[in-house]
Every structure is written in structure tokens, then in C-alpha cells.
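Input: a single structure, listed below in C-alpha cells.
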Amino acid sequence: MLITKLKSQQELDRYFDKRVFIFKCYGCSEIYFPEEEVNKLIKEKNEKITGLVEIDYLCNEDFAKKYIEKNTDEIQNAKGIIVFSCGVGVQVVAKIFEKSMVVPGCDTFYLNGFQGLTVLDCDCNQCGQCYLNYTGGVCPITSCAKSLLNGPCGGAKNRKCEVNPEIDCGWILIYERLKKINKESILKEKNYFVRDFEKIIKGI
Amino acid sequence: MIDYTKYKLKPADELKSLLKETSDVFILWCKKCYKAFEKEEESECQKFIQMFDEPEKIKGCEAIDFLCNRYLTEKKLAEIIGLDHHDIGVLSCGLGIQTVAEIAENKGVRVFTLADTIPQSGNATSVTGYHGMALGSEKCASCGQCYLTITAGLCPIVGCAKSLLNGPCGGAKNEKCEVLPEKSCVWIEIFKRIKKQGRNFDTGIQIRDNNVFTTDEKRKVSFFSIRRRTENFYGGLHPSENKDITENLTIEKFPAPKYVYIFLSQHTGSPSSLLVKEGDVVKLGQTIGKSSGLISSPVHSSVSGRVIGVEEKFHPTLLVNCPVVIIENDFSDEKDASICGYVEWEKMEDEALVEIIRDKGIVGLGGAMFPTHVKLRKPKNPIDTLMINGCECEPYLNADNRLMIECTEEIIEGIKIARKILSVDNVIIGIENNKQEAIEKIGKAIERYPWIILKKLNTKYPQGAERMLIKTTTGRQVPEGGLPLDVGVVVLNVGTVFSIYQAIVHGFPLIKRVITVSGSFEKKGNFEIPIGTPLKDILDFCGGEKAYDTENYYLKMGGPMMGVVQGEFDTAVVKGTTGYVLLEKNPAGTSEENTCIKCGRCVDVCPMELYPLYYAFYGKNQLWEKCAEYKVKNCIECGCCEYICSSKISLISLIKKAKKNAYNKA
């Protein structure tokens, strides 16, 4: 899942030093998009803006092109293009307008569970060699701050991770889960994993 | 289009050693997401069963779409986990496995992982980039510090095998990457593009800060999203409200029309039968069509004048030609003798009150136009709650909102009448919190009546639908295919309650209502309008010339979500008209032709917990029985799926077709 956050005011002010055309994507608004902040900014900088396209799923090039066709004049009048969307949308617009300066208005962040549906508490690192069989369905790569595969680091205090005291120690969660299904013994049997990064690079 | 295969079976020997510990296992498999939905299904499960040499261990298998959707998966698993299977094997990506493991945790069920997740993007080292919604080749690693300004819109993090930020490594040969020779060096491409723009690459060193967005911040955002997505009821969404356009405009009287077109069918059920003929003189409020069955409702003349004909005109919601009585207004407003109110209604019999409500042609004004007297007749099931629906969750509309602000006392009086008829104790009024003024007014007015509870609800579409409102306010779940009556609730719209008051206390039949006119009209507002006012009068009065420009605009009766597109303008206001919105067409409109990419958004937002993507897939292939299998009849046509669809498939029209065709044969 991607989420976006507006770039710093300082940086945005720099983009608005000339007349610009705006793309505003609300495609993932049900996930998270700083809509209010963007609207406020657009209102503030109104006189610098030659035109605005509000679009959903800017990342779909076919749709984007249709909107662009309709706004050709405004885009030609502008000296730059600012895109408020995730990095994918910016790249689509940049590809279409190779000869103009296309700048992103947002920074994009990674949020748990991006490929599935509802934003989840669990996450998958797509390591290509699922360990969940041995860890009771709690992923050690994503729930342990150190992504340890062979057991806890020993640094947890009061169940909490020593790296990020806000989160529970993943390995304690794993142990508790295994206990519930009476399989703690797994931890004794399988105690040696090697993570093969080549799987990630080659996409298995 | 990239085929986004999400997982792959583990190697045979690993599976074998894994499953030797178990004696019986139930297989769950996910049908995968983010791929062009063109084939029926590719069964990874079949592959597994063929490969597995101890088939007697497999006690069954079931496919679940979007296994990572916890809410739906939990519901489906409730049946499976309850059975005597000792273990569950899951074929899915890591998200699905973790979800199942979490659900199965407390039942002591062991969950086996039978597949490995194929690395995708988000994992910056992965070759396959993040796809956005469109499954193109564009990539984003969500690094949180977008460099695209500097690099002319080509991302060096996912584009360069080494994720270099300050220029090429120098290892490229013939413009190809030295790590992956089949790929072009992205830095060379960046330089080419910068050159095309007439710029130089003159920015200094870039440093990547991998902790630019702290875990706390992420959690906050994540929590915000989860709360918004899951509060009140499953599914639903938050479209732009645009209510501020007409929110503060007081209800205006619409100028009396020269002619009115009164449709004989203005309600759910059989059309009323005609009582007048050409040349008849009718008075204001005179019955011109009487109800013709148990579920039916009479219609009345909304003006005084002469009947100049009975013709067929295009019905705004049924979208076919329907008989309509055309009356020429003499502007005298002479009232019919039947208009006489009962101020002392409290002394009347319940039956008599229901009779009046039936005779005055009261129907649900929220849009469904279900005859109100049918709802109020003493039902078999005991009723304990009367729910007053003041949600008006549709964007743009403010008719109910203004009514609550301006006619508060009348609404309360109407509630008292309905409460007496149903003899219930509890009355709940549900109002969304974007209508602060209405909440204040109603809140003040009900202080005298401790039995009325006002519920302020967080805005979410489609909260105004009966089922969702009941779920939100009482936590009760109307059973599949059931009615609110089944959980002891009767739901009435505020507009309906107001017209009950008008009918009982003043004797007025339902001949006028409040509508909102908004969008690209010149004159926007809330109007009290006689039923039967021709649409053309509204377009003239409110400056809706753009509506005739059907290339660029479309006119919807009702709100933008559930409203019906009006292609024919020779029609009129009916009892269920909540408003008219004139909207600019999207350059990239919806179409039945686009291909579904299985992003699962429609499943995520469907408040009826359906799988709309299958209606698109089977609808296009005309496999209507399959649509019936996926329970298309449960769809309330709220339009959430079409709104969120990343491929802009016109799902609602396909669903309507499916509903028509799926149940005919049976």
C-alpha cells in the first residue's frame, strides 16, 4: 500500500515560482491522501495555476491521456507541471510530457499490506521463502525490527522491542502463537534458517 | 500488462516433509489479485493436489477471494474452522497466510504455508516494480523523499539496479545495466530526458534517509485509514460531499408550473388506476389515480385545473414510457373537499390513521418510494424501534437537511404520529455529523421527549441505506434477503415523516416535496416543488441549459451516487425525486469494455459484502447464472463499486442487467 504526504512548504513554494498546471489524483483517497492540505495549497496559490486536473487513478496512462487532451491549452500555457499523487502517477505524467519539467508535490511512503485489501496490521516482505510454517503465522521478517529468523535477540523489555518500544517483540508473539497450537517444539527442531536474497533479486 | 502472480507452490519435497506431520488438512487458496481478470480461474490448488502424493489427507479445498480481507475471510472461515479438520493449508501470499493464522489462532488450528510469495515491489530490491492501479511498468519504491524532480520523472531507486542517487555507476555497456544486461541503464535515460528539457543535471549529492517517515507517523496514518474504513459498518466510502453549495439556502417555493405531468406509477408496486379522463376539471389534492393492490398508492393532482390528456411519457426512474395525466394549471389553487386535517389525531384509532396515510398517497421520500402504509400496518414481528433517517449521505443533496432545519416541529409531530401507530417506545433519529445545524435544531426540539434518541453519525456513504443505518445505530444485522422488520425496526425518512404530519394534521396528500438542485446549474437551491412539475420547467428556471449538452454533461435525478441519469428531458418530478444534479462528464468515463485488474477495491467497499468484480466478469460473458451464484440480488445498487473501480467498469449497468437476467430462467 502506498500513502502520500505533502512535501515541505519550502520546497512547494519553490515550485510555485512560475505558472504551473496541476494534476491532483484522488485514486487511493479511500486509503490515504492529504486531500485537505492539497486543496488548501491550491486555493492559496490560485493565481499561479493555469489549470487543474482532478483525476482518479492517474497511474492509468489511458485515463490520464484523456484528461490531458481536454486541457491541452492550459498545459501549454504553464511553465511547469506539479503532480499531487504517489510516485507512480508522477512517472506516468513525466513520461507523457517528456519535454516539460514535471515535479512531484508529494512524497510517497510504504504502508503495511500494500498489495492486498484493507490496510492490515500484518505485512509481507515478499522474501520468496515463506517462514510462516515455523513461526505460527507471524512473520519474523516484518514483525521483528531486526528481521531475525532464528529467535529473539534477547533485547526485549516487558514484551516490547528494544529498537521500537512501541511495538511488541515479534518473537514473543511467535512463541505465544505456537504455544496456543501446542507446537512450541517447532522452535527447537527448526533452528537454522538462511535467507536467500537472490530469490528477491530474481523474483524467484 | 504485467501478470502479477503473487505466490508459487513450495517445492514438492518441502511440501512432503511439511505435511507428513498432519493426518488431515483442509486447503484454502486465494484466487490472487492484481492481474488482468480474463480467465475464469487458475487453480493453484489443482496443481497442489496433483503434486501431492497422499491425496487421502486432503479433506477438502475452498477458494476464497482476497484472503487478506480479514472481515470477509473471518466470516467464511467460521464454517470451515468449526469442522473437524485438524489443520489448514493455505495457498496464498504472506498476507493471506498471516490473516488465516490470526483468525485460527484461538481455535488451536495449525496453519500450513504451502506457497512462497513471489517478491514484488515495495521491496526495493525486487525487479518487478510497483504497479499503481494500472499494472503498467511504472514503479515506485515509496521511499518517502521523492527524487523525481531532479531526475525528470524517472525513478533512480527502482530504475537503477544499485539504486544510485547521484549518477550512473559507470558500469553500463551499450547503455545496458551491468547487473541486469537486459535492462537499460536508467541514469542514461535520465540524462537523455533532462537534455530534451534543455536542462543540465547540476544538483548535488542526494542522501537517502531511510527513516524519513517515522513508524509512529505511519501508524497514525494507518490507524486513521483503518478507522475510517471500518467504522459503523463494513464497506462504504467517503466521496466529496459538495453539500456546502446549497447547505445554507433556505427552501424556496418553486413557481407554479403551467402544466403538470402526474405519473400513475410513483411508488414501488402496481401502478394506480386512472380515475379521470380528458376534459375533467380537477381540484388541488383531488385523487386522480386510486391504489390498485396491497402494495400500491394513490396519486393526486398537485394543481387545480383541467385534464388535457392522458399520455405516455418517459418515467425518470423506471426508464420506460408510462401513462401520465397532464393537467393544465388554472392557478386558482382551489382545494379539494377531501383536504381536512385532524388536529386531535391522538384520539384516533391507529387503523384510521394508517388509512389516511394510505389515501393521501404517502410513500418513502428517500428515493425508494415504498408505500408507507404497508410499513406501518401492524407487522407480525414485534417492532421495538422506529428509526428516523436523516442521514442524507448522498453528496450534493440537502433537501432533508433543510427540512430538518426549517420544519423541525412538524417532523417531531410526524414522528409522534408514526410512533403511536407502531406503538413503539424507542425512536432513534440518525443524522450525519456534516449537518451541524440540523443536529442542533433537532437536538433542541427533542429535549421535551426523552424517548427520542438523537444519534450523530460519522459521515460515510451509504449510511442512509436502511441496512447500514440499522447496523450503525443499533448494531443489528438485517438478515440476507430480509427486511428491517426482521430485526424489529421500521425506518422512515425525515421527508416521509413530514408528509405524514401534513397528511394527518392538515389533510394534504403528497403533492409537493423538497428537492435540491445543484451542480452546474446557474441557480442552485432547495425548492418546494409540486409533484409533476415538468423537468423542462426546472431546467428553464434554474438555468440548466448545459443539461442539453449531453456530450459534456449529464443530469442525474437524485444524487451523483445512486441517481438515475436522465437522457430524456420530457419528464417530470415524481414523489421519489430527491433532487437534480448536473455534472460534468469525466473525460475518461466508465465503460463496460475495460478489463478488471482484480484490485479488489470493489470488494473492499461493498456494504453488502458482495464481490462486484464477478458481475463485471460474468456479466460481460453473459453468464447470468454465475451472477446469481454470487448473490447479485442482494445488491442495493449504491454505486460504491463503480465509484472506486480502478478500471472504470460500469458495474451498476452490468449489475442491473444481471439482476434482470439471472433470475428469469429459474
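Residue numbers start from 1 in every chain, and the chains themselves are labelled A, B, ... in the order their sequence lines are given, proteins ahead of strands. On a predicted model such as this, the values are computed, not experimentally measured, just so you know.
- Looking at K195(B), neither its backbone nor its side chain comes within 4.5 Å of chain A, counting heavy atoms on both sides.
- F63(A) has its side chain out of reach of N586(B): every pair of non-hydrogen atoms, C-beta onward, lies at least 4.5 Å apart.
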Side chain to side chain contact (heavy atoms under 4.5 Å, CB included) between I97(B) and C130(A), intermediate numbers included: CA-CA 10 Å; I97(B) 299 162; C130(A) 207; 4.1 Å; yes
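- Proximity of K648(B) to D56(A): side-chain heavy atoms (C-beta onward) are separated by under 4.5 Å at one or more points.
- Closest of all the heavy-atom pairs between A101(B) and G137(A) is CB-CA, 3.5 Å.
- In this structure the side chain of D107(A) never reaches within 4.5 angstrom of the side chain of Y147(B), judged on heavy atoms.
- Using a 4.5 Å heavy-atom threshold, the side chains of Q91(A) and L148(B) count as touching.
- For a residue to count as touching a neighbouring chain, one of its non-hydrogen atoms must lie under 4.5 Å from one of that chain's; by this rule A115(B) touches chain A with the backbone only.
- Listed for the Y57(A) side chain is a donor-acceptor partner under 3.5 Å among the backbone atoms of I644(B).
- In this structure, R193(B) and K95(A) have side chains that are in contact, with non-hydrogen atoms separated by less than 4.5 Å.
- The main-chain N or O of C146(B) is found under 3.5 Å from a side-chain atom of K7(A) such that the two form a donor-acceptor pair.
- Neither the backbone nor the side chain of C602(B) comes within contact range of chain A, judged by heavy atoms closer than 4.5 Å.
- By the 6.0 Å contact criterion, NZ on K43(A) is open, its count of non-hydrogen atoms from other residues, nucleotides or ligands being 12 or less.
- Closest of all the heavy-atom pairs between K70(A) and K585(B) is NZ-O, 4.2 Å.
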Side chain to side chain contact (heavy atoms under 4.5 Å, CB included) between Q98(B) and V138(A), worked out: CA-CA 6 Å; Q98(B) 291 180 63; V138(A) 177; 5.8 Å; no
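- Heavy atoms of other residues, nucleotides or ligands lying less than 6.0 angstrom from CG of N158(A) number 12 at most.
- Chain B forms the most heavy-atom pairs under 4.5 Å with one residue out of Y15(A), Y131(A), Y67(A), and that residue is Y67(A).
- With a 4.5 Å cut-off on side-chain heavy atoms, L18(B) and Y134(A) count as touching.
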